[in-house]
Every structure is written in C-alpha cells, then in structure tokens.
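So that the names make sense, note that chain A is the first sequence line, chain B the second, and so on, each numbered from 1. All values below come from the heavy atoms of this structure, side chains included, with hydrogens, waters and symmetry mates left out.
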Protein chains: 2
Amino acid sequence: MYICPMYSSELVKGTLRTIILKLLSENTKMYGYEITQKVKELTDDEIQLTEGALYPMLHKLEAEGAVETELVNIGKRVRKYYRLTNLGNEEAKEKVSEFLRFMDTMKNVLNHKNSFEPWLS
Amino acid sequence: MYICPMYSSELVKGTLRTIILKLLSENTKMYGYEITQKVKELTDDEIQLTEGALYPMLHKLEAEGAVETELVNIGKRVRKYYRLTNLGNEEAKEKVSEFLRFMDTMKNVLNHKNSFEPWLS
DNA sequence: GATGAATGCATAAGAATATTATGTATGGAT
DNA sequence: ATCCATACATAATATTCTTATGCATTCATC
C-alpha cells in the first residue's frame with residue numbers, strides 16, 4: 001500500500017468518502033481490502049487508497065450511521081463487511097451528484113476560454 | 001468572505017493551488033482579492049475562496065518560487081500583485097493537466113456502468 | 001459626518017483529513 | 001523457510017482548510 005500514487009495526493013483528498021459511499025451503493029456489501037482493490041481496478045492503478053485513511057473513514061461512517069458492519073470468518077481470519085444504511089444510501093447519491101456538479105464548475109475555471117492550452121488535447 | 005459555500009468544503013480542498021496557478025497563467029498579474037472575485041465570477045458564486053486559505057497559499061507559492069510579487073500603491077492602500085515565474089508557469093500546466101486527468105479517472109469510479117443513477121442527468 | 005459595506009492585506013487557533021509508519025496475523029506460493 | 005498478498009487496526013505527524021480576528025482605506029448613503 002506504500003506505492004507512489006500517480007496523482008499528487010492533494011487532489012485525491014476530500015474524495016475518499018465519496019468513493020467509498022459510491023462503491024458501497026453498487027455492491028451491497030464490501031470489506032476494506034476489497035474496496036482498495038476495486039478502486040485500483042477502476043482507476044487502472046492511478047488511485048491507491050491508503051489503509052491509514054481508509055479504515056478511519058470506514059469507522060467514522062459507521063459511527064455516523066451511514067454504514068453497518070458484519071463480521072465474517074474466513075478460515076481463521078475475520079473479515080469485516082460494510083453495507084450502506086438507508087441514511088448512507090441517501091448520502092451516497094448526494095455526494096456523487098455533488099462531485100459531478102463540482103467537476104462541471106471546475107471546468108469553468110480550468111478550461112477557461114481566454115487561454116491557449118495545448119495540453120488539452 | 002464568510003458566506004456558506006455551495007459545495008461541501010472537502011471537495012474544494014486540494015484544488016486551491018491549481019486554481020490560483022491557472023488564473024495567474026492567463027492574467028499576467030493578479031492580487032489576492034482579485035483572485036477571490038474572479039473565482040466567484042467564473043463559478044457563479046459556487047466556489048468562494050476564504051482568505052485564511054488563500055493568503056497562506058499565495059505566500060507558500062512565493063516561498064517556493066512559483067510566483068513573484070510586486071507592491072503597488074492604490075491611494076493610501078498597498079496592493080500586492082502576484083505573477084508566475086517560469087517555474088510557476090510550468091507547474092500551472094502540470095497541475096491543470098493533472099486535474100483534468102484526475103476528473104477522467106474519477107468518472108470511472110463515480111459514473112460506473114454497473115449502477116442505476118437517475119441523478120446523472 | 002457617521003455608519004456600514006466593500007476593498008485589501010494578514011495571522012492564529014483549531015478541525016479535518018491525509019501520509020507515513022508500525023503492529024498483528026493468516027494463507028498461499030517458491 | 002521465506003516472501004508476498006490478504007486483512008485488520010492505530011499512532012504520530014503533516015498538510016490544508018475553516019473560523020475568527022485584526023487592521024486600514026474607500027465609497028455610498030442617510
């Protein structure tokens with residue numbers, strides 16, 4: 001988990017909660033490690049969640065009532081599954097919608113017409 | 001400057017540096033207050049930079065050599081203009097390009113095909 | 001000519017969130 | 001036997017932001 005990420009970390013900041021909620025909204029239940037792997041897969045290794053950020057956020061979501069947990073024994077190991085509550089499902093919709101809107105807004109700043117930007121394809 | 005922003009603040013986090021560099025890359029020189037107003041204008045009031053975040057970031061960019069400053073007297077007030085150095089101009093391109101790439105990556109996570117999302121248009 | 005809003009800078013205390021580092025343990029492959 | 005992947009967790013630290021505050025000028029308006 002200590003591999004250099006493709007993006008400077010500051011960009012990924014603030015999106016962790018949204019990412020988790022979104023993934024849980026389409027998978028009924030997931031466990032922490034599974035989430036990290038799914039994000040790696042979906043982003044072609046460009047976003048790699050760190051455990052030190054992921055687990056505290058999952059615990060926080062649980063404390064807030066956005067997710068519920070279920071412990072499952074896998075051999076001698078205990079796997080902790082998370083699933084969205086109704087509250088969490090509502091928040092997932094809001095967060096995703098808000099992020100997409102935010103991206104549109106940012107385009108107005110970064111794609112601004114009054115400049116020549118050869119790096120924008 | 002203490003007006004409730006449209007976006008939950010965590011999303012805007014991590015984009016301040018990119019926003020400043022981008023605006024300076026198309027305006028030759030700008031001062032702090034002008035940047036806040038330009039962002040408000042470009043985002044239709046949806047992103048409102050706070051002074052407590054803006055000024056420290058400008059000072060940091062200067063300390064890093066990404067921007068240079070020029071003090072200009074306006075009546076009895078002193079206005080502090082910032083302009084990009086060559087280094088800052090390079091970073092501006094990188095940051096904008098990186099952010100656009102990041103948005104594409106996030107779409108793969110948030111727009112993921114395996115779900116029904118009526119709120120996406 | 002007083003008063004408030006806008007302009008314009010700055011910093012400090014605290015909160016939030018991430019990185020980095022570490023710890024523990026199981027399971028599979030070489 | 002050793003290494004890597006799986007799987008959880010927490011603590012110290014760093015970064016970055018919010019909130020609050022301070023100072024001062026300029027302009028409108030009452």
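By the side chain to side chain donor-acceptor pair (under 3.5 Å) test, A:Glu62 is found to be paired with A:Thr69, residues two or more places apart in sequence or in another chain being considered. The salt bridge (charged side-chain N to carboxylate O under 4.0 Å, His left out) test applied to B:Glu64 returns B:Arg17, not counting sequence neighbours. Applying the salt bridge (charged side-chain N to carboxylate O under 4.0 Å, His left out) rule to B:Glu90 yields the partners B:Lys93; only residues at least two apart in sequence or on another chain are considered.
Put simply, CD on B:Glu64 is 12 Å from C1' on D:dT15, counting in whole angstrom units. Rounded to whole Å, the distance from NZ on B:Lys80 to P on D:dC23 is 20 Å. In this entry the distance linking CD of A:Glu51 with P of C:dA18 reads 15 Å, nearest Å. In this structure, B:Leu58 places its CG atom 14 Å from C1' of D:dT16, rounding to the nearest Å. Separating the CD1 atom of A:Ile19 from the C1' atom of C:dT17 is a distance of 14 Å, rounded to the nearest angstrom. Nucleotide D:dT18 holds its P atom 9 Å from the CG atom of B:Leu49, rounded to whole Å. Per the geometry, CZ belonging to B:Arg17 stands 12 Å off P belonging to D:dT15, to the nearest Å. Following rounding to the nearest Å, A:Leu54 (CG) and D:dT10 (P) show an atom-to-atom distance of 12 Å.
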side-chain contact (heavy atoms from CB on, under 4.5 Å) between A:Lys80 and A:Leu58, worked out: CA-CA 11 Å; A:Lys80 196 171 184 178; A:Leu58 285 172; over 6 Å; no
side-chain contact (heavy atoms from CB on, under 4.5 Å) between A:Glu46 and A:Lys40, intermediate numbers included: CA-CA 7 Å; A:Glu46 299 215 87; A:Lys40 278 185 64 173; over 6 Å; no
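The side chain of A:Tyr55 places no N or O atom within less than 4.0 Å of a non-bridging phosphate oxygen (OP1 or OP2) of D:dA9. OP1 and OP2 of D:dC17 both lie 4.0 Å or more from every side-chain N or O belonging to B:Thr50. Dashed line: the shortest gap from a side-chain N or O of B:His59 to OP1 or OP2 of C:dC9 is not under 4.0 Å.
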Pairs under 3.5 angstrom only: tabulate donor-acceptor contacts from the side chains of residues 81-89 of chain A to other protein residues two or more places apart or in another chain.
residue: A:Tyr81; atom: OH; partner: A:Arg79; partner atom: NH1; Å: 3.2
residue: A:Arg83; atom: NH2; partner: A:Glu70; partner atom: OE1; Å: 3.2
residue: A:Thr85; atom: OG1; partner: A:Gly65; partner atom: O; Å: 2.7
residue: A:Thr85; atom: OG1; partner: A:Ala66; partner atom: O; Å: 3.1
residue: A:Thr85; atom: OG1; partner: A:Leu87; partner atom: N; Å: 3.4
residue: A:Thr85; atom: OG1; partner: A:Gly88; partner atom: N; Å: 3.0

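We find that A:Glu98 and A:Arg101 are not joined by a salt bridge, their nearest charged nitrogen and carboxylate oxygen being 4.0 Å or further apart. A salt bridge links B:Asp104 with B:Lys107; the closest basic N to acidic carboxylate O contact falls under 4.0 Å.
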N/O-N/O pairs, protein side and nucleotides 28-30 of chain C side, under 3.5 Å:
none

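With C:dT11, C:dT17, D:dC8 as the choices, the nucleotide that has an atom nearest any side-chain atom of A:Lys60 turns out to be C:dT17.
Against DNA chain D, the stretch residues 65-79 of chain A makes heavy-atom approaches under 4.0 Å through A:Arg77, A:Arg79.
Nearest-nucleotide mapping onto DNA chain C: of B:Tyr31 and B:Pro56, the residue sitting toward the 5' end is B:Tyr31.
Here OG1 of B:Thr43 is found 11.5 Å from NZ of B:Lys38. Values are rounded to the nearest 0.5 Å.
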